[in-house]
Amino acid sequence: MIVSATTGASLVELPLAERPIQIVTEPPGPEARARIAHDQPFVSPSLIYCYPLFVRRASGCMVEDVDGNVYLDAQAGVATASTGHCHPAVAGAIAAQAQELIHICGTDFHYASYGALCERLNLLAGRLAPGQPLFWQTFLTNSGTEAVEAALKLARNHTRRTAIIAFRGGFHGRTFGSLSLTASKTKYRKHFGPFLPGVFHADWGDAPSVEHQLFDHLVAPDDVAAIVVEPVLGEGGYLLPPPDFLPALRRICDTHGILLVFDEVQSGMGRTGKMFAAEHFGVVPDVVLLAKGIASGMPLGAMMARREFMTWPAGSHGSTCAGNPVCCAAALATLDLLQGGLVENSAREGTRLRDRLADRLKSIACIQDVRGLGLMIGVEFDSHARADAVAQLCFRRGLLVLECGRKAIRISPPLIVTHAQVDTIVDVFADACRDVSRERPDAVP
Ligand code: PLP
């Protein structure tokens, strides 16, 4: 029998959320290998499996695979399981709502949770501009990419202008409008063009490049409907903006009547230790895009805009399932938890995680940077191969992390992560970095 070193209890008897990492058969185990091989012929080959994890169930910060291995999830289903996996309050809200009303179509009919969520988001957005009487209206979507699409349509409809500015390094989704903005990696765009006309890219982090590369040569500012930017870069590398970047974009937008759209699909909902990443930088956007963590993994996104810009008329935009009652119920339960202490936990444990990682990794040659805000932490390596080798080794040792950027790993556990779990993340990750660092560069696959 496997017993807990601290409590003496049988580990398999502990609820999954309380179990430690436990690798009982080297991943991928026989069951995972068999099931992956079975499914493969039926599944789109476009999916990117970073490592062969076949999940049976998950709870809190812990994930169990079909071979009985237990992993600590330091990526939260790509920064989405904000309240942890299957939080009882969220699961309960989903179950209760599913007994009452699953779908009626929020574009055409009224129900309580749609309006309640929009009202709640307006209240929350008060944090973006303390003391300013701003009012926000929300269009709900099924995903992050649809929130981006909604923002593009609103910006064109409101301004009657066509051009959109985005940034090299940014990731905004994979549907055609958002993909036209996405410029983090060429693989997302390869063989999919032509893209939306009128999209121009400047360098993320470099506001003068908007004026010098774009306004001086390619597009007149009064043709531009919106500047769409991730305040903290997500898929493109978990990078923090230089201090003047976002304020300078705000000035440019104010000067030329351009809408400033913050894509907070990844950085929002407490991920950076504040409800909105924008709060760190004192810049008030005109439009905020949310998804991922907003409903703890249920498919929901939000395009929130200040009321003066929500000028599109009835019928100009809608969606059949977006904001369905079950997703809204999950979001309202999620917001209760986030406001009930998880955002503070993200700030507290995130700072601890980043500082402890920086300390443990500082003497490891292949580490170039440790950075982040809250539980949105990036570790930069000297090569993509090294970052990939660390992610794979962590997986085999029971820690789930994901790559981002060209040669970085993102660490983004659920916002419920505990002190002890932070210590485990640091230990397993630092050991993996040290072991990979010892290998000769040409031996790293
Ligand atoms: N915007 C950002 C900043 C993202 O990180 C993502 C997804 O990773 C998206 C948009 C697209 O969201 P979704 O995958 O829900 O469509």
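First listed ligand is number 1; within each ligand, the first listed atom is number 1.
- By the side-chain contact (heavy atoms from CB on, under 4.5 Å) test, Leu196 is found to be paired with Leu152, Arg156, Ser180, Val199, residues two or more places apart in sequence or in another chain being considered.
- With hydrogens and angles ignored, the 3.5 Å screen pairs a side-chain donor or acceptor of Glu230 with a backbone N or O of Phe171.
- Protein residues having a heavy atom under 4.0 Å from any atom of ligand 1 are Ser143, Gly144, Thr145, Phe171, His172, Gly173, Glu230, Asp263, Val265, Gln266, Lys292, listed by chain and number.
- Side-chain N/O atoms of Asp73 and Gln75 include a donor and acceptor closer than 3.5 Å.
- To the nearest 0.5 Å, the span separating CZ on Phe167 from NE2 on His172 amounts to 8.5 Å.
- No side-chain donor from either of Gln213 and His201 sits under 3.5 Å from a side-chain acceptor of the other.
- A cation-pi arrangement, defined by a distance under 6.0 Å to the six-membered ring centre and an angle within 45 degrees of its axis, is absent between Arg386 and Phe381.
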